[in-house]
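Just so we're on the same page: letters track the sequence lines, and every chain starts at 1.
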There are 2 protein chains.
Amino acid sequence: MGTTERHATIADVAALAGVSVGTASKALNGRGSLREETRTRVKEAARQLNFEVNAGARSLHSGRTYTVGMITTDTIGRFSIPVLIGAEDALGAGQMSVFLCDGRDDPIREQYHVKTLLSRRVDGIIVTGRRTQARAPIAPVLPVPVVYAFISSTDPEDCSIVPDEEGGTRKAIEHLLAVGRTRIAHVTGPEHHHSAQVRAAAAAERVAEAGLALAAPPLFGAWSEVWGRQSVGILLAGGTEFDAIYCGNDQIARGAADALRAAGRRVPEDVALVGFDNWDVMAESCQPPLTSIDMNLEGLGRSAAEMLLAAINGAPSPGRHARPCQLVVRESTVPPHRPA
Amino acid sequence: MGTTERHATIADVAALAGVSVGTASKALNGRGSLREETRTRVKEAARQLNFEVNAGARSLHSGRTYTVGMITTDTIGRFSIPVLIGAEDALGAGQMSVFLCDGRDDPIREQYHVKTLLSRRVDGIIVTGRRTQARAPIAPVLPVPVVYAFISSTDPEDCSIVPDEEGGTRKAIEHLLAVGRTRIAHVTGPEHHHSAQVRAAAAAERVAEAGLALAAPPLFGAWSEVWGRQSVGILLAGGTEFDAIYCGNDQIARGAADALRAAGRRVPEDVALVGFDNWDVMAESCQPPLTSIDMNLEGLGRSAAEMLLAAINGAPSPGRHARPCQLVVRESTVPPHRPA
DNA sequence: ATGAAAGCGCTAACAT
DNA sequence: ATGTTAGCGCTTTCAT
């Protein structure tokens, strides 16, 4: 294979079909009034030459490129992928293509990407990242609309689509209460991490609303299995009585499951476990499989793309838009064959 | 923020600077001979107007878009991401942007993407996917060069960059032999899966070269932790004597580690474990941390991008190019504080 | 129903 | 050193 065949131009097609370029253009785009015979003759010529219209040249006219840029604040990872897939999906349906730019947590690199995207005259930009924490806008003012997905902008006028982590947390706690747990502990990521803060606060709040308190102050650590295991050690050593742990993410939950089993506590009979992220690989191979909160990242991406398209078409939706999370129940809270 | 400021054209810049467009173009591109004063005046005008050259219009002239397409055969996932990142990295350095297209295992969708990319006049295309198995070329003949990364093309004339899975497997076995293991079992993914076949065959071969045989016929199953656990049950129940398991991927290895521990076998003292993929999240939180084979996917992506750039510049490298895998030693084969 | 011509934003060859 | 002009591939009036 490799490089063969030159790109055919519409002039080539017109010549082959024996018409003018104007006519060829009309024929191919279904515009103007042409004899049916001419239309098919042109189309046949185009087919024969493998003609694909030069989108760049066309954009020169239309002012639109049917192209959007997607910038990751940090790096392309576990959280940005689903967002990316969702966006790609929604945009592809609208015949748009996506330029992917990896920011790598480097503001210079990011600015470079913004410049490049503008130079390529993208119709709009989606910004995403690994964390939900708000970030500074990618530029004070831009000639195209911007939508932040998952991550959000510190400017409240910017359009941001974010998961409702507080609502998700409430669902997790409500589920634990529903399966009869009253002594709920909370183990999560770094104290300075936005998601850790939000989830911890929401958990405490929801538990309080039920007239209860967390079994122990939230344990902040790392987003890792190792920390999940350690935290159980801490809880047990501290003499905390608990019949459930709401974990900040699935890895922590999984570490906790392993440590609990090693300590002779049964999951979910003695201790029920809820994770966060609903990361299939983790949740499903956990022993037992893990109940978790799903942020519906793909939906977030799709939503962001749709709002960007709307903004491109002149109907922006400024502001922060929170999308609901979903509880996915597995055996770490409800034993098999004995649904709650 | 949002939509403000129109895109400035070079004519706008020229007008503001009080020169002709030709002069403005030269000033901005550092061509021709201009008075330094003029050059700076034009640049200042461009800066003031936030001018970004219209890349599409420029391409009309140069015939190049400095843009490449990246198509995933299946879906954007754990294997394609690093490839993507590597490619993005290498291409970004060359001022090129990447169009990302998600194939979703759908040939129609894929063809649509190919058409779109050609229409956008990408300078080249990178094809990648989740499996190393060779696939049919994306098109019999194309006006731009194509490079397959990770996945390969069935056409031996196509340029494909693939990991040397056989070599990686040999490294794994050699490492196990080096730490004194002689009864090596092999547990891997589905029998019909290309990687499973290649790795199983290479393992058997390398063991044979050492004058040994596998402790049992390879166990084919799924690429999952669940299967990793089950397989240990099978080995133990079958009375197989083994002091090592070479696993087809990290998830299987991790499942095996858990099952071995549950069965009272120590890792690595009684049974040494080697995985494949070196998936950090899995390998590092495994108990004990997992020795694994790394395919260097990012390097693969970078390499593919470089070869694509070379091909675009007229120096193609047809054929299948295998890249070495690397052994990453952790405690599942070598106990801490007692390096081999 | 079809063709001719202008113009989208830019570059490069050619004048001045 | 700077300006003028043609033309890249395409769409779209406006003639015919």
Give me the distances for all protein-to-nucleotides 3-6 of chain D N/O pairs that come in under 3.5 Å?
residue	atom	partner	partner atom	Å
dG3(D)	OP2	Ser20(B)	N	2.9
dG3(D)	OP2	Ser20(B)	OG	3.4
dG3(D)	OP2	Thr23(B)	OG1	2.9
dG3(D)	O6	Lys26(B)	NZ	2.8

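Residues in residues 90-143 of chain A take part in these ring-ring contact (aromatic ring centres under 6.0 Å, His included) pairs, two or more places apart or across chains: Phe99(A)-Phe99(B). The list of salt bridge (charged side-chain N to carboxylate O under 4.0 Å, His left out) pairs with a residue in residues 11-21 of chain A, not counting sequence neighbours, is empty. Within the structure, every pair that satisfies the salt bridge (charged side-chain N to carboxylate O under 4.0 Å, His left out) test and touches residues 75-84 of chain B, not counting sequence neighbours, is listed here: Arg78(B)-Asp277(B). For residues 42-80 of chain B, the set of pairs meeting the ring-ring contact (aromatic ring centres under 6.0 Å, His included) definition, not counting sequence neighbours, comprises Phe79(B)-Phe150(B).
Only one option out of Asp102(A), Val83(A), Val127(A), Val122(A) pairs with Met70(A) in a side-chain contact (heavy atoms from CB on, under 4.5 Å); it is Val83(A).
To the nearest 0.5 angstrom, Ile125(A) atom CD1 is 10.0 Å from Ile312(A) atom CD1.
Of the residues in residues 42-55 of chain B, those lying under 4.0 Å from DNA chain C by heavy-atom distance are Phe51(B), Val53(B), Asn54(B). Residues from residues 27-34 of chain B placing a heavy atom under 4.0 Å of any atom in DNA chain D, listed by number, are Ser33(B), Leu34(B).
Nucleic acid contact for Ser62(B): none, since no nucleic acid atom lies under 4.0 Å from a heavy atom of the residue. Heavy atoms of Thr38(A) sit under 4.0 angstrom from primed sugar atoms or phosphate atoms, though from no base atom.
Closest approach of Arg120(A) to Thr65(A), counting heavy atoms only: O-CG2, 3.7 Å.
Between Val53(B) and Leu28(B), every side-chain heavy-atom pair lies at or beyond the 4.5 Å cut-off.
In this view, His321(A) satisfies the ring-ring contact (aromatic ring centres under 6.0 Å, His included) rule with no residue, not counting sequence neighbours. Not counting sequence neighbours, the partners of Asp105(B) by the side chain to side chain donor-acceptor pair (under 3.5 Å) test are Arg130(B). Here Ser119(A) pairs with nothing under the side chain to side chain donor-acceptor pair (under 3.5 Å) rule; sequence neighbours left out. Thr73(A) is linked by a side chain to side chain donor-acceptor pair (under 3.5 Å) to Arg135(A), counting only residues two or more places apart in sequence or in another chain.
For the pair Leu60(B) and Arg39(B), nearest-nucleotide mapping onto DNA chain D gives the more 5' position to Arg39(B).
Chain A approaches DNA chain C over the interval dA1(C) to dG9(C), counting the first and last nucleotide 5' to 3' with an atom under 4.0 Å from its heavy atoms.
For Arg320(B), the CZ atom sits in a loose shell: 12 or fewer heavy atoms of surrounding residues, nucleotides or ligands are nearer than 6.0 Å.
Residue Ser25(A) places at least one side-chain N or O closer than 4.0 Å to OP1 or OP2 of dT11(D). Of the side-chain N and O atoms in Arg35(B), one or more sit less than 4.0 angstrom from OP1 or OP2 of dT2(D).
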